[in-house]
Amino acid sequence: MLVRIYREADFSKFSKYIELAFNCNYILGCKKYLDWQYGGSLYILEAGDKIIGHFGFKDIPYKIRDEVKPVRVLMNLFVLPPFRVLGGGVALMRAIFNTKGPILVSGYNPAFQKLCSRLNKNWRAQGNLSRFMTILKNYHPLLADYEVPAKLLFKSRQNDIFSIEVDTKDPKLLEQVWLRFRSHYRVTVERSSDYIRWRFLDHPFIKYSVLVCRRAGLACGYLIGKMETDQGFKIARIIDLIGPAEAASSLISEFVAISFRQDVDAVDFMFSGRLYYKPLFEAGFFDVAGTDFESFPILFNPISTKKTFINIASNNMDFRSGDCYLTKAEGDQDRPNTY
């Protein structure tokens, strides 16, 4: 077995492997998506002239307290079953772990965690992202088995202090917002215009909506969201949110109002840390922890209950509980599964 970096000339062989491993419509069989997601940062595992496994990653700058460091974000490991007992997965993981910088993964299974712990003594599970939801309509059949908590009093209202621009898609403007407030975040991705353009604005399949909050004409916060629909159920999702709590409150309220007008059934936001608890509670959201909605699907493309949480693990990130702000945008957790 040989581990090497994927090259563009490998696509035909790689797409046949993906069809064998998954199905003909699986997203990694789409060249446009493959090039966007990894940009060449993809290891493949070969046996003879056949691809038998892959492991994707991307080195992304993160703000880690007072420094900016490249963090290797892991995305999508798979090895064909006959080659797992032969060490195919371990071979790919050794190649991925061959970096001096920190490593982060968002969404993994127990077998992956066990292997990582063996390969790196500093590997640590960091818990799950919190999930906040608000239910706008509770009569869809998907909600039949879930008891909706008593809705909190809606307090947060857009006021004359803030104005909201809808569908502003200027990465430089969003970077300016980030630079104004980056000191509020201890450990999080560095939201440069290059990152924002790649991650959200240039996505080949997902159309994100962008809201920008202004105060006295100065941009002071932004929210990036999207809508997903399956089985007639519409869910609006906050994928990224930057700005102080008072700006976040107006952004969340406006996003919910837009979602309501678009006949959305529910809105959610998955993230770590406690920075946005208050504005979310004020906007009528509830923390799903301890409620029926802990088991509510997070995958809507298509709807699946296979996994209902996003867990985080890392090595050498040097963050303590509560001081890391991660969202569903990390890694490949916010991706279409088919094309």
Participant: With sequence neighbours excluded, tell me which residues meet side-chain hydrogen bond (donor to acceptor under 3.5 Å, both in side chains) with Ser272.
Facilitator: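 Listed in chain order: nothing, the list is empty.
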Participant: Is a side-chain N or O of Ser15 found less than 3.5 angstrom from the main chain of Phe11, in a donor-acceptor match?
Facilitator: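 Such a contact is found between Ser15 side chain and Phe11 backbone.
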Participant: Which residues pass the side-chain hydrogen bond (donor to acceptor under 3.5 Å, both in side chains) test with Tyr277, sequence neighbours left out?
Facilitator: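 If we apply the side-chain hydrogen bond (donor to acceptor under 3.5 Å, both in side chains) test to Tyr277, skipping adjacent residues, the hits are Ser130.
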Participant: I would like to know whether Tyr146 and Phe296 meet ring pair (Phe, Tyr, Trp, His ring centres under 6.0 Å); could you show each step before the answer?
Facilitator: CA-CA 8 Å; Tyr146 298 90; Phe296 195 74; 5.0 Å; yes
Participant: Please name the pair of heavy atoms, one in Ile52 and one in Ala47, separated by the smallest distance, quoted to 0.1 Å.
Facilitator: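 Where Ile52 meets Ala47 most closely, the heavy atoms are CD1-CB, 3.8 Å.
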Participant: I need the Ile258 CD1 to Phe260 CZ distance, nearest 0.5 Å.
Facilitator: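 Interatomic distance, Ile258 CD1 to Phe260 CZ, rounded to 0.5 Å: 13.5 Å.
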Participant: So, taking the atom named CZ in Arg199 and the one named CZ in Arg197, what distance separates them when rounded to the nearest 0.5 Å?
Facilitator: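 These two atoms lie 15.0 Å from each other.
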Participant: Which value, rounded to the nearest 0.5 Å, describes the distance between Glu330 atom CD and Met270 atom CE?
Facilitator: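 So the gap between those two atoms works out to 12.0 Å.
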Participant: Any donor and acceptor pair, going by atom type alone, linking the side chain of His140 with main-chain N or O of Gln231 inside 3.5 Å?
Facilitator: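 Between the backbone of Gln231 and the side chain of His140 there is a qualifying donor-acceptor contact (under 3.5 Å).
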Participant: Quick check on the 6.0 Å ring-centre criterion: do Phe22 and Phe78 meet it?
Facilitator: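 That pair passes the under 6.0 Å test.
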Participant: Taking only Lys NZ, Arg NE, NH1 and NH2, and the carboxylate oxygens of Asp or Glu, determine whether Arg214 and Glu165 approach each other closer than 4.0 Å.
Facilitator: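 Salt bridge: yes.
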Participant: First locate atom CD of Glu175, then atom CD of Glu190, and finally report the distance between them rounded to the nearest 0.5 Å.
Facilitator: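 Here the rounded value is 8.0 Å.
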Participant: When rounded to the nearest 0.5 angstrom, what distance separates CE in Met75 from CD in Gln37?
Facilitator: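 The CD atom of Gln37 is 5.0 Å from CE of Met75, to the nearest 0.5 Å.
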Participant: For a quick test of your reading: what N or O donor-acceptor pairs under 3.5 Å do the side chains of residues 217-230 make, sequence neighbours left out?
Facilitator:
from, atom 1, to, atom 2, distance (Å)
Tyr222, OH, Asp240, OD2, 3.3
Lys226, NZ, Glu228, OE2, 2.7
Lys226, NZ, Asp334, OD1, 2.6
Asp230, OD2, Ile303, N, 2.8

Participant: Tell me whether the guanidinium CZ or amine NZ of Lys58 lies under 6.0 angstrom from the six-membered ring centre of Trp198 and within 45° of its axis.
Facilitator: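 Yes, cation above the ring, under 6.0 Å and within 45°.
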Participant: Do NZ/NE/NH1/NH2 and the carboxylate oxygens of Asp268 and Arg131 come within less than 4.0 Å?
Facilitator: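 Salt bridge flag = yes for Arg131 with Asp268.
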Participant: Please find out if less than 6.0 Å separates the ring center of Tyr276 from that of Tyr325.
Facilitator: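 That pair passes the under 6.0 Å test.
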Participant: Going through the distances and angles, do Tyr43 and Phe57 end up as a ring pair (Phe, Tyr, Trp, His ring centres under 6.0 Å)?
Facilitator: CA-CA 8 Å; Tyr43 281 109; Phe57 68 97; 5.5 Å; yes
Participant: Keeping to residues at least two apart or across chains, list the side chain to side chain donor-acceptor pair (under 3.5 Å) pairs with something in residues 97-119.
Facilitator: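 Counting only pairs at least two positions apart or across chains, the side chain to side chain donor-acceptor pair (under 3.5 Å) contacts touching residues 97-119 are Gln113-Trp123.
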Participant: Are Trp178 and Tyr195, when compared by the centres of their aromatic rings, separated by less than 6.0 Å?
Facilitator: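 Between Tyr195 and Trp178, which both carry aromatic rings, the centre distance is not below 6.0 Å.
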Participant: Extract all donor-acceptor atom pairs below 3.5 Å that involve side chains of residues 1-10 and protein atoms in other chains or at least two apart in sequence.
Facilitator:
from, atom 1, to, atom 2, distance (Å)
Arg4, NE, Glu46, OE1, 3.0
Arg4, NH1, Asp10, OD2, 2.9
Arg4, NH2, Asp10, OD1, 2.8
Arg4, NH2, Asp10, OD2, 3.4
Arg4, NH2, Glu46, OE2, 3.0
Glu8, OE2, Lys31, NZ, 3.0
Asp10, OD2, Arg7, N, 2.7

Participant: Can you name the residues that form a side-chain hydrogen bond (donor to acceptor under 3.5 Å, both in side chains) with Asn337, not counting sequence neighbours?
Facilitator: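 So Asn337 forms a side-chain hydrogen bond (donor to acceptor under 3.5 Å, both in side chains) with Arg335.
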